[in-house]
Amino acid sequence: DGSQQVPDADQRETELFLQARRHLPATVFDAGRWQAIVGPAMWPKVVYVLNRGGRFENHAEGYVGDRAAHPYAKLLNLYQEKTAGTIHAGTGEHYPGYARDVPIRDFTGRSTDALRQGHDLLLITHRTISQCKSRTITNPWLSPLMPENAILINPRDAASLGLRSGQRVKVTSATNPQGRWDLGAGAQTPMVGKLVATETVRPGVASFALGFGHWATGAGDVTIDGHVIRGEPRRAAGVHANAAMWTDPAVKNTCMFDPIGGSVSFYDTYVRLEPA
């Protein structure tokens with residue numbers, strides 16, 4: 001009803017708005033056309049909202065006591081009959097047809113708590129802006145930005161484990177106690193990387209950036225018709241520790257996976273870090 005209008009953008013803010021968009025073609029941003037559409041009275045308010053990316057209520061006004069000030073207050077029925085009618089092949093039980101918390105289990109429904117024994121760090125992964133997935137290691141101009149990744153843990157964990165930044169450590173888990181990749185044909189590569197203690201990782205967690213620690217993709221020598229194509233050592237720098245992620249204790253040769261969607265679920269893997 002107009003009783004809660006946003007304030008008008010002042011002249012300085014309007015100039016900022018126009019300057020920030022001066023590089024855009026008229027097909028994308030035409031200030032004169034936009035102002036003509038909304039009218040001169042509403043234009044300063046449009047600028048105010050667009051400069052902020054939207055209109056937002058003050059945080060304090062979002063609650064009444066400890067409850068939401070604007071509850072949906074409608075009944076939601078979330079149920080999927082197709083899912084509920086499907087049987088889990090490993091347990092013989094029907095999948096729930098509604099949203100619920102399901103503890104992490106192996107394919108036969110058994111608890112994975114035993115896999116945690118003696119392994120105190122939850123292993124996760126992250127990405128850096130200079131390396132992503134597997135293909136970017138082929139771009140030589142990216143490596144100088146970050147020549148190798150590291151295994152990141154919190155300083156408190158480093159102190160309790162007697163480890164220090166810069167030290168090389170091996171990643172092991174209950175399903176990969178040797179801490180190595182089995183590449184087939186007798187070839188193996190250890191999951192060994194540099195340790196970095198940092199407050200950017202919460203206690204109890206270990207993380208490594210993906211995209212490093214290659215053994216293929218031009219990282220190693222390849223012989224074709226008797227001709228040796230030399231690999232680039234820089235492509236092998238760092239560590240890739242996905243092989244430490246749990247394999248399903250029941251299926252043996254398959255990672256843990258979401259039983260409904262079938263997607264790979266590298267979650268809840270606990271590892272040990274050992275001096276290499």
Side-chain angles (χ1 to χ4, degrees), residues 1-74 76 78 99 122-157 165 194 196-212 234-235 237-238 240 263 266-267:
D1 60 0
S3 62
Q4 296 181 331
Q5 294 185 13
V6 298
D8 292 345
D10 59 23
Q11 182 178 354
R12 179 177 176 277
E13 184 172 342
T14 301
E15 291 175 355
L16 177 65
F17 175 81
L18 297 174
Q19 284 294 310
R21 291 159 177 80
R22 66 185 184 278
H23 64 288
L24 298 174
T27 54
V28 176
F29 174 69
D30 185 334
R33 180 171 179 269
W34 286 22
Q35 183 173 358
I37 292 172
V38 301
M42 193 61 66
W43 176 240
K45 301 183 186 301
V46 171
V47 171
Y48 181 93
V49 171
L50 292 180
N51 265 353
R52 289 157 178 77
R55 176 175 180 168
F56 306 95
E57 188 175 52
N58 291 329
H59 183 271
E61 297 172 4
Y63 294 88
V64 177
D66 60 350
R67 296 180 178 273
H70 313 294
Y72 182 66
K74 299 289 191 301
L76 291 176
L78 301 178
L122 176 64
L123 183 63
I124 64 172
T125 63
H126 64 275
R127 301 198 189 282
T128 66
I129 197 168
S130 60
Q131 294 292 344
C132 178
K133 297 287 187 182
S134 62
R135 297 177 296 276
T136 50
I137 197 65
T138 63
N139 301 327
W141 51 86
L142 294 177
S143 292
L145 300 174
M146 184 175 174
E148 65 176 314
N149 65 347
I151 299 168
L152 311 182
I153 63 173
N154 188 273
R156 278 184 270 178
D157 291 322
S165 284
K194 180 177 64 176
V196 169
T198 170
E199 294 289 355
T200 60
V201 177
R202 66 178 298 173
V205 174
S207 185
F208 66 95
L210 295 173
F212 297 85
R234 70 168 187 86
R235 303 189 187 197
H240 187 52
S263 60
F266 282 148
Y267 47 53

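Computed from a predicted structure; not experimentally measured. In what follows, every heavy atom counts, from backbone to side chain, and hydrogens, waters and symmetry copies are set aside.
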Look at the side chain of [X] and the backbone N and O of [Y], then say whether any donor-acceptor pair between them is shorter than 3.5 Å.
{"X": "Asp157", "Y": "Gly204", "answer": "yes"}
{"X": "Lys45", "Y": "Val6", "answer": "yes"}
{"X": "Asp10", "Y": "Arg12", "answer": "yes"}
{"X": "Asn149", "Y": "Phe212", "answer": "no"}

Starting at [atom1] of [X], measure out to [atom2] of [Y] and round the result to the nearest 0.5 Å.
{"X": "Ser143", "Y": "Arg234", "atom1": "OG", "atom2": "CZ", "value": "3.5 Å"}
{"X": "Leu122", "Y": "Ile124", "atom1": "CG", "atom2": "CD1", "value": "6.5 Å"}
{"X": "Asn154", "Y": "Arg202", "atom1": "CG", "atom2": "CZ", "value": "10.0 Å"}
{"X": "Asn139", "Y": "Leu145", "atom1": "CG", "atom2": "CG", "value": "11.0 Å"}
{"X": "Leu123", "Y": "Ile153", "atom1": "CG", "atom2": "CD1", "value": "12.0 Å"}
{"X": "Phe29", "Y": "Leu18", "atom1": "CZ", "atom2": "CG", "value": "5.5 Å"}

4.5 Å side-chain heavy-atom contact, Leu152 and Phe208: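 When only atoms from C-beta onward are counted, Phe208 and Leu152 do not touch, as no gap falls below 4.5 Å.
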Close side-chain approach of Glu199 to Pro155, heavy-atom, < 4.5 Å: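 Sidechains of Pro155 and Glu199: in contact.
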For [X] versus [Y], what's the shortest heavy-atom pair and its separation?
{"X": "Ala197", "Y": "Ser165", "result": "N-OG, 2.9 Å"}
{"X": "Gly211", "Y": "Gln131", "result": "O-OE1, 4.1 Å"}
{"X": "Glu61", "Y": "His70", "result": "O-NE2, 4.1 Å"}

Are there more than 12 heavy atoms of other residues, nucleotides or ligands under 6.0 Å from atom [atom1] of [X]?
{"X": "Arg156", "atom1": "CZ", "value": "no"}
{"X": "Gln4", "atom1": "CD", "value": "no"}
{"X": "Ile129", "atom1": "CD1", "value": "no"}

Residues Arg52, Glu13: salt bridge by 4.0 Å N-O rule: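 Counted as a salt bridge, because a side-chain N and a carboxylate O are separated by less than 4.0 Å.
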Within residues 29-41 or reaching into it, pairs that qualify as side-chain hydrogen bond (donor to acceptor under 3.5 Å, both in side chains) - sequence neighbours excluded: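 Residue pairs with at least one partner in residues 29-41: there are none.
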Pair Glu15, Gln19: side-chain N/O donor-acceptor within cut-off below 3.5 Å: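 On atom types as modelled, these side chains do not qualify, holding no pair under 3.5 Å.
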